[in-house]
Amino acid sequence: MDKNKHLDSVISTHQITKEEILFDKYVKKKNEVKEALEEQYGSNIYTPFNSGSYAKNTAINTKFDFDLVTPFKRNAFGSNGTLKEMYEDVYDFLYEKYKDVAVVKKQKVSIGLEFYADSDGDVIKIDVVPGRELSQDQYKEDENLNLYVYYKYGNIDAGSERIKTNVKAQINNIKDRATTEKDSIRKIIRLLKVWKNSKYNYPTKSFFLELITIKSFDSKCITGSIWDKLETVLEYIRDNVTKEDFTLKDPGNSSNDLADTLTSTEKQQLSDDMKNMLDRIEDNDENLKTYFPENSKFKKEDTNNNQYGKNSGMPIPPPKLIFG
Amino acid sequence: MSQRVIEINTVVESIPDVKIVKPFVQSKIDIEGCVTVFVEGLEQPLEFNVTIHPQYPFKSHETETIKFSNDDLIEHKHIMQNGAICIHTAHTPVLSQKLIYDIESVKAWIKKYYINKESDNHYEHLIVPQKAFNENHFVYFFNEVDYTFHKNQFGFVDYSIMNNGVFHKESIQSSIFQSFLSKDRKKIIDVDWNFQLKNLPKSTGLFIFVKDAPSKNQRWVFDEWKDFEAILPQDFLKFLHNVQERLVKKEAKLLPLFVGYNISETEIHWQAIILEIGNFPIYGEKINKQWFTKISEVKSIDWAMTRNCSYRYFFGRGKLSDRITESKILIIGIGAIGSIVAKTLVRCGCRKLGFIEYDVKEPENVCRSEYSFFTGITNKTNDLLNELCLVSPFFEPVNGGYDYSEAFDFFIKSHLADTSIKAEMKKHLDNYDIIIDCSTDNDLLYVLSQLNINSTLLNLSISNHAKHLVCATEHNRYEFITSQFGGNILKFDVDDLHNPTGCWSPTFKASYNDINVLVQTAIKQINLKLEQEKTLRNFVIETDDMGGFNIKIKEF
């Protein structure tokens, strides 16, 4: 099996441009939510913006990350208003507005909106991330925001008053690297997102995978084919993520450590998953497809992928070989 | 004098602090003698009659074949009814070494239980003589009930005979408690068992809760009825009298009396006494013109056996993690893998189990599954239900059965496009904590993978010759299983299948042993992961017969 050919196909079948109609639905819905927030909060809010993977140029078409950052002014909830009050207020507003058409739920630092399937069966998910500037008018200067942690987030405790960060700096950092190193960093990030998506509810955030990919490229000399690069990144994660002194600096605030967004058990699980993945791919190249599946919707069908009954002149249906 | 007797005398004499009072001599079968043993802390050495059986230094039926007895020590801990110290020492085939070990053990007993009067942490049951009643033994199994008995509460117990068996060389009848009833036969509380046990025909016995153990020294149970004189209240004795009067037509029939007492603040133990109708150990006596019921002075008690079969005792020696045993589990497909999984789970402490299967059991299924030949052709669901009820008194079948299985297959496969039915199916399946799909039905695998079920969903399947077991635990189960068996990853013989005579569908070749070693390994892996609170990952168990049997778990 040609691993590079397969990985190229994984990337191409996951290109966002292949899901234009669905993508447009996301954009439309995101704009609707943005306008609703602007209307509700008027002059208390700066312009909400998308901080998801599309903004960072690392999106895949099986899971659009649409995170709508909502920057509030310092006194939006009164001069003594807390970040918790901000978070609860945004939740209450979104719940009342969308409760009949979507599941509205409180998440780690965001509020999740999962719209019920439309007539095509498509489900649109938008995460709204409320943030507040640190002092009056400061956001205009440096774009720093405080986020509220609703429930335990790795090693960061629930109810923690704030995570100070600069989301725009986060986006730009990743977007710049992903754009300038599109054959390496961008591709690897996309592949890791495909892998994460196959795991369903994996505790590691996409942002973590983006940063650790960049860090591994900065820490090691990563060259060669796409598989060579992917293998090196997987090895880097396997070998480093559980180290006590391992840190992942938030490009939006160097005093935030993204390594804290995972518990030690979750870090161990991530390392074990990398190890298992590398071992199984070494056992048999074909296992690569289990971890990095093509998007079957856009896959070019292999007309002769059934090894049973090959060259027999007459088509033979594959026998049942799974028993119990 | 034989060389063996000479050696015993020589060795015992050489052991420090041991003196031979009566030299060892050969009796008809055993070698017997008398020694004193001194331990610091004693005023005087203790004397023991020593009996050495012919098997010595080997044990017989897991019992030491040397006895150190002294009737005066009978009230001390770890002394058997014949006055012998209860000792267990290390194995050695060398007689002289074994004698040294055994006397060291006697010294340790003296220090611990005679001088220091230590108490053990675990409760030691009263010693009850195992005597047959009219050449029959009786044993009664009880379960803990959620009810607090008060001292001297008495009434009836409904019990059911489960089986007549053989106990060494005599017969034995095993029964279970079914419910406690008041003296006017109003139900106090039911005793929980599986539904088949609950449906057994019932007989009547009596109970009294005496609170304190019926023992003079906390070691042996009372041996004569007069020992109960100060304990059994007059109204209970009258109750006994009335019961006997009412059952006069059943004279000579047996009636068990269960005597309950606390062995800890929260735990009750029941002992059983066999009463013979018409021959109860009571008599009437008129005192001051009033009749009283009295206990017959010289009548020994016929104790039967009891066993606490509550969940924690029944599974006390080993079970799976609570995360599995406390779960409500659905097994889809109960062929070779599914039936082994079901029986293993039930034997390992699982209670709530349902299964889906529309197939019937044929004689040729028996050799590699958990079914029996005896029941002939019958639905697998019905047969497995019976098998599991035989294994565990705590098995509680949830949904299952033939009709349920048919309905399940129809609904889940016919309505995938109908979002509301799909949502209903999802909701129904989410009622289970764990779903184990052993059906190897790729269509069902696909359908289940489309449902986003919140329950832990596991798929188990094997390859021909049971060379591999594939266990999918993750969201990508459909892709994982189809790729593993797709021909490019797992390599196994695809031609050497079993083609049953007269049957159109070939099946895999593998024995019960081949399959079971894989299934048990898989259950071990799943249990370990859950016990360690780790996330389950897909895995493949690979076996290899080259150079001996090799088995390896490959986690994905």
Side-chain angles (χ1 to χ4, degrees), chain A residues 1 6 62 114 116-121 123 194-204 263 265-266 268-270 272-296 299 302 304-310 316 318-324, chain B residues 333-341 417 419 437-442 445 452 459-466 469-470 474-476 479-495 497 505-510 515 519 532-535 537-540 542 554-556:
Chain A
M1 181 192 139
H6 173 73
T62 43
E114 187 174 329
Y116 300 140
D118 62 13
S119 54
D120 303 323
V123 174
V194 170
W195 165 77
K196 173 179 143 71
N197 203 27
S198 78
K199 289 284 178 192
Y200 193 62
N201 281 342
Y202 201 76
T204 307
T263 63
T265 311
E266 288 165 344
Q268 188 61 54
Q269 182 70 61
L270 180 60
D272 291 347
D273 283 337
M274 295 297 122
K275 181 186 182 304
N276 285 339
M277 196 189 318
L278 288 159
D279 290 349
R280 297 294 80 83
I281 295 167
E282 197 181 337
D283 288 344
N284 190 323
D285 290 352
E286 289 286 331
N287 281 327
L288 185 71
K289 293 177 183 171
T290 297
Y291 296 106
F292 301 98
E294 293 158 288
N295 183 349
S296 54
K299 186 179 157 186
D302 184 350
N304 196 11
N305 60 358
N306 164 22
Q307 71 153 11
Y308 307 104
K310 263 185 196 171
I316 299 171
K320 178 176 160 56
L321 295 171
I322 304 177
F323 301 108
Chain B
I334 46 172
I337 295 181
S339 67
I340 292 173
V341 169
T419 46
D437 176 12
C438 308
S439 67
T440 69
D441 176 348
N442 279 348
L445 169 67
N452 282 338
N459 300 73
L460 295 172
S461 43
I462 53 178
S463 62
N464 193 24
H465 295 163
L469 181 145
V470 175
E474 297 182 61
H475 192 62
N476 63 352
E479 294 75 16
F480 175 67
I481 293 173
T482 48
S483 66
Q484 290 299 309
F485 284 99
N488 291 326
I489 300 181
L490 300 182
K491 301 294 177 197
F492 51 89
D493 193 328
V494 297
D495 299 317
L497 294 168
S505 177
T507 184
F508 67 116
K509 279 187 179 173
I515 300 164
V519 175
Q532 294 174 347
E533 298 189 349
K534 289 189 174 168
T535 311
R537 290 282 175 253
N538 295 334
F539 63 89
V540 172
E542 283 190 3
K554 291 190 167 178
E555 196 173 38
F556 278 72

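The figures that follow rest on heavy atoms only: side chains count, while hydrogens, waters and symmetry mates do not. Residue numbers begin at 1 in each chain, while the letters A, B, ... track the order of the sequences.
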CD-CD distance between A:Glu286 and B:Gln484, expressed to the nearest 0.5 angstrom: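 CD of B:Gln484 is found 10.0 Å from CD of A:Glu286.
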Segment of [X] engaging chain B (4.5 angstrom heavy-atom cut-off):
X        : result
A:Tyr202 : side chain
A:Lys320 : side chain
A:Asp283 : side chain

Apply the test side chain to side chain contact (heavy atoms under 4.5 Å, CB included) to residues A:Tyr291 and B:Asn476: give CA-CA distance (whole Å), side-chain angles for both, the deciding distance (0.1 Å), then the verdict. CA-CA 9 Å; A:Tyr291 296 106; B:Asn476 63 352; over 6 Å; no
Provide the closest heavy-atom pair for [X] versus [Y] in the form atom of the first, atom of the second, distance.
X        : Y        : value
B:Ile337 : A:Phe323 : CD1-O, 3.9 Å
B:Ser483 : A:Thr290 : OG-OG1, 3.5 Å
B:Phe556 : A:Asp273 : O-OD1, 4.5 Å
A:Ile322 : B:Ser461 : CG2-CB, 3.2 Å

A:Asn284 side chain to B:Asn488 backbone, donor-acceptor under 3.5 Å: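 Yes, the answer is positive, given that a donor and an acceptor are paired below the 3.5 Å cut-off.
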Under 4.5 Å from any heavy atom of chain A, what part of B:Asn538 do you find: side chain, backbone, both or neither?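 For B:Asn538, there is no contact with chain A at all, as no heavy atom is under 4.5 Å.
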Looking at B:Lys509, I want to see if its NZ is surrounded by more than 12 non-hydrogen atoms of other residues, nucleotides or ligands under 6.0 Å.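 Atom NZ in B:Lys509 is crowded, with more than 12 foreign heavy atoms closer than 6.0 Å.
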Would you say CD of B:Gln532 has more than 12 non-hydrogen atoms from neighbouring residues, nucleotides or ligands within 6.0 angstrom?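 Above 12, so yes.
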For the residue pair [X] and [Y], establish whether any side-chain heavy-atom pair is separated by less than 4.5 Å.
X        : Y        : value
B:Glu479 : A:Lys289 : no
B:Glu555 : A:Lys275 : no
A:Lys199 : B:Glu474 : yes

Between B:Ile340, B:Asn452, B:Asp441, B:Thr482, the one whose heavy-atom pairs under 4.5 Å with chain A are most numerous: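 Max contact count across the listed options: B:Asn452.
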For the interface with chain B, which of A:Asp285, A:Ile281, A:Asn287, A:Asp272 has the highest count of heavy-atom pairs at distances below 4.5 Å?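 It is A:Asn287.
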